[in-house]
There are 2 protein chains.
Amino acid sequence: MKKQYLALVEQLEAHGYRLTPQREIVLSILSETDKHVSAETLLLRVRQVYSRANKSVVYRNLDLLAQLGLISCVDLGQGRVEYEVHRHPHHHHLVCRHCKQVIEVSANAFAALQRELLERHGFAADMDHLAIFGLCRKCQSQQAAHSGHHPHAL
Amino acid sequence: MKKQYLALVEQLEAHGYRLTPQREIVLSILSETDKHVSAETLLLRVRQVYSRANKSVVYRNLDLLAQLGLISCVDLGQGRVEYEVHRHPHHHHLVCRHCKQVIEVSANAFAALQRELLERHGFAADMDHLAIFGLCRKCQSQQAAHSGHHPHAL
DNA sequence: GTTGCAAATGCAACTCGTTGCAATTGTAGC
DNA sequence: GCTACAATTGCAACGAGTTGCATTTGCAAC
């Protein structure tokens with residue numbers, strides 16, 4: 001994954017941003033991780049290398065990377081945001097609001113929608129790393145079974 | 001809009017929830033408002049009627065209404081969530097991440113995607129009140145104009 | 001290697017929203 | 001109208017993320 005790390009550094013420098021120690025660590029950890037990380041987890045890992053690492057610095061670096069389109073953020077409904085270096089092809093997340101399962105789907109399914117939004121509204125949708133909530137197959141049948149529910153029964 | 005208020009009350013009672021003064025006020029304000037309200041705004045309006053209204057109570061009532069599918073929440077990227085009684089037909093939001101403009105689109109455009117997710121993944125997507133980020137027509141051309149940007153130039 | 005200065009950091013205080021828990025209240029059954 | 005008990009409330013503390021501002025640092029020019 002060294003390649004990915006170098007690509008990130010290159011992008012940053014191309015835009016005139018500095019390469020500070022803390023930033024370097026954040027970049028290297030992100031590029032070594034092939035799934036989503038929460039900011040908190042990331043901070044803990046950064047601190048294993050640089051123990052005085054600071055919360056706001058990590059957040060600011062994540063914001064910067066996201067603004068440059070180098071990483072994506074997604075809120076899978078667990079009360080915290082997860083970050084990940086862009087993968088190709090892009091993917092999205094179907095989150096079951098009952099069993100919390102997350103299904104990854106490729107971006108292909110969303111291409112038609114993207115095209116339509118562009119044609120009809122002139123809107124260039126980001127269409128990366130969407131989280132769509134709903135019910136998975138299993139939980140749909142469960143829900144059908146007992147539809148008349150009571151307070152606190154959820 | 002009296003009709004809408006009564007429908008909300010009916011739904012709550014049908015599920016065995018109580019009709020408390022604070023709840024009543026939240027319901028009536030929500031049903032009188034035909035656009036999104038933030039929790040903070042809602043709390044202020046509730047307090048105009050019942051000055052000792054409490055933050056967590058308002059949040060809890062909003063959560064409850066959302067869980068019953070009576071209202072929808074959407075995060076338009078301003079660091080706070082907006083709430084609204086369900087309208088028919090459903091609509092979604094295209095949020096320009098540059099000029100912050102919000103374009104409302106009908107849910108029709110999303111029906112095909114919803115169908116595909118169901119067929120291919122057995123996933124019943126909620127598909128209500130999505131916020132999709134991207135660039136509006138105007139900001140796309142602006143962005144094209146000066147693509148080599150510098151720190152703090154965003 | 002110094003210097004200048006914007007970029008980056010550290011910190012503390014803040015915002016929005018959530019949660020645990022004890023106190024209160026709505027309502028169904030008597 | 002009581003009573004019982006779960007639903008609801010009030011409060012204070014918490015958690016994730018943001019922000020303002022003074023300080024420090026990377027780096028480019030000399």
Side-chain angles (χ1 to χ4, degrees), chain A residues 8-27 36-44 46-47 49-68 71 73-83 131 149-154, chain B residues 8-27 36-44 46-47 49-68 71 73-83 131 149-154:
Chain A
L8 289 175
V9 172
E10 193 180 322
Q11 282 290 311
L12 277 182
E13 295 188 331
H15 285 90
Y17 293 101
R18 290 188 197 151
L19 195 58
T20 62
Q22 226 167 139
R23 189 114 91 195
E24 231 177 301
I25 299 168
V26 168
L27 290 182
H36 308 106
V37 217
S38 70
E40 203 197 339
T41 306
L42 183 61
L43 179 58
L44 288 176
V46 172
R47 283 197 170 138
V49 184
Y50 179 69
S51 60
R52 41 196 306 177
N54 182 280
K55 187 172 68 152
S56 17
V57 173
V58 168
Y59 276 112
R60 279 196 272 235
N61 279 318
L62 287 171
D63 283 354
L64 175 61
L65 293 170
Q67 239 180 36
L68 292 177
I71 62 171
C73 329
V74 65
D75 179 358
L76 298 176
Q78 262 77 61
R80 83 192 98 83
V81 176
E82 309 248 307
Y83 301 86
H149 61 86
H150 291 284
H152 290 199
L154 282 172
Chain B
L8 289 175
V9 172
E10 194 181 320
Q11 280 290 312
L12 278 182
E13 294 189 330
H15 286 90
Y17 293 102
R18 290 185 195 154
L19 195 57
T20 63
Q22 227 166 138
R23 188 114 92 196
E24 231 176 303
I25 298 168
V26 168
L27 290 181
H36 308 106
V37 218
S38 69
E40 204 197 338
T41 306
L42 183 60
L43 178 57
L44 287 177
V46 171
R47 281 194 173 143
V49 185
Y50 180 68
S51 59
R52 42 194 306 174
N54 182 279
K55 187 172 69 153
S56 19
V57 172
V58 167
Y59 277 112
R60 279 196 272 235
N61 278 318
L62 287 170
D63 283 355
L64 175 62
L65 293 170
Q67 238 179 38
L68 292 178
I71 63 172
C73 329
V74 65
D75 179 357
L76 298 176
Q78 262 78 59
R80 83 192 98 83
V81 177
E82 309 249 307
Y83 301 86
H149 61 85
H150 291 284
H152 290 197
L154 283 172

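Naming: A, B, ... by sequence-line order, numbering from 1 per chain.
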Practice task
Report the C-alpha separation of B:Tyr17 and B:Leu68 in whole Å, then their side-chain angles, then the decisive distance to 0.1 Å, and conclude whether the side-chain contact (heavy atoms from CB on, under 4.5 Å) test is met.
Solution key: CA-CA 11 Å; B:Tyr17 293 102; B:Leu68 292 178; 4.0 Å; yes

Exercise for the section: Starting from the C-alpha separation in whole Å, work towards a yes-or-no answer on side-chain contact (heavy atoms from CB on, under 4.5 Å) for B:Val74 and B:Val81. Expected result: CA-CA 6 Å; B:Val74 65; B:Val81 177; over 6 Å; no

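- Rounded to a whole Å, the OH atom of A:Tyr17 is 12 Å from the P atom of C:dT9.
- Rounded to whole angstrom, the span from the OH atom of B:Tyr50 across to the C1' atom of C:dT25 amounts to 11 Å.
- Comparing atom distances between the A:Arg80 side chain and each of D:dA16, C:dC16, C:dG26 picks out D:dA16 as nearest.
- Residue B:Gln22 has a polar side-chain atom (N or O) positioned under 4.0 Å from OP1 or OP2 of D:dG10.
- One can place CG of B:Asp63 at 9 Å from C1' of C:dG17, the figure rounded to the nearest angstrom.
- Contact record, A:Ser38 with A:Tyr83: C-CD1, 4.4 Å, taken as the closest heavy-atom pair.
- At whole-Å resolution of the value, CG in B:Asp75 and P in D:dT18 are 11 Å apart.
- If B:Val81 and B:Glu13 are placed on DNA chain C by their nearest nucleotide, the residue sitting closer to the 5' end is B:Val81.
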Problem - B:Leu12 and B:Leu64: CA distance, side-chain angles, deciding distance, side-chain contact (heavy atoms from CB on, under 4.5 Å) verdict - result: CA-CA 9 Å; B:Leu12 278 182; B:Leu64 175 62; 4.1 Å; yes

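- Look at C:dT19: its Watson-Crick or wobble partner, with both distances under 3.5 angstrom, is D:dA12.
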Exercise for the section: For the pair B:Glu13 and B:His15, evaluate side-chain contact (heavy atoms from CB on, under 4.5 Å) and give the outcome as yes or no after the intermediate values. Expected result: CA-CA 5 Å; B:Glu13 294 189 330; B:His15 286 90; over 6 Å; no

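- One can place CG of A:Leu62 at 12 Å from P of C:dT9, the figure rounded to the nearest angstrom.
- A side-chain donor-acceptor contact under 3.5 Å links B:Arg47 to the backbone of B:Ala53.
- Between B:Gln67 atom CD and C:dT18 atom P there is a gap of 12 Å when expressed in whole angstrom units.
- Regarding contacts with the backbone of C:dG17, a side-chain N or O of B:Tyr59 is found under 4.0 angstrom from either OP1 or OP2.
- Using a 4.0 Å heavy-atom cutoff across all strands shown, B:Arg18 reaches at least one base atom of the nucleic acid.
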Interface polar pairs with nucleotides 28-30 of chain C, N/O, under 3.5 angstrom:
none

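- At whole-Å resolution of the value, CG in A:Leu68 and C1' in C:dA7 are 14 Å apart.
- Here the straight-line distance linking atom NE2 of B:His36 with atom CG of B:Leu76 works out to 6.0 Å at 0.5 Å rounding.
- Atoms CD and OH, from A:Glu40 and A:Tyr59 in turn, are 7.5 Å apart once rounded to the nearest 0.5 Å.
- Under the rule for a side-chain contact (heavy atoms from CB on, under 4.5 Å), the partners of B:Val57 that lie at least two apart in sequence or sit in another chain are B:Gln22, B:Asn54, B:Asn61.
- Following rounding to the nearest Å, A:Asn61 (CG) and C:dG10 (C1') show an atom-to-atom distance of 13 Å.
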Every protein N/O within reach of nucleotides 11-15 of chain C N/O, cut-off under 3.5 Å:
unit_1, atom_1, unit_2, atom_2, d
C:dC11, N4, A:Ser56, OG, 3.1
C:dC11, N4, A:Arg60, NH2, 3.4

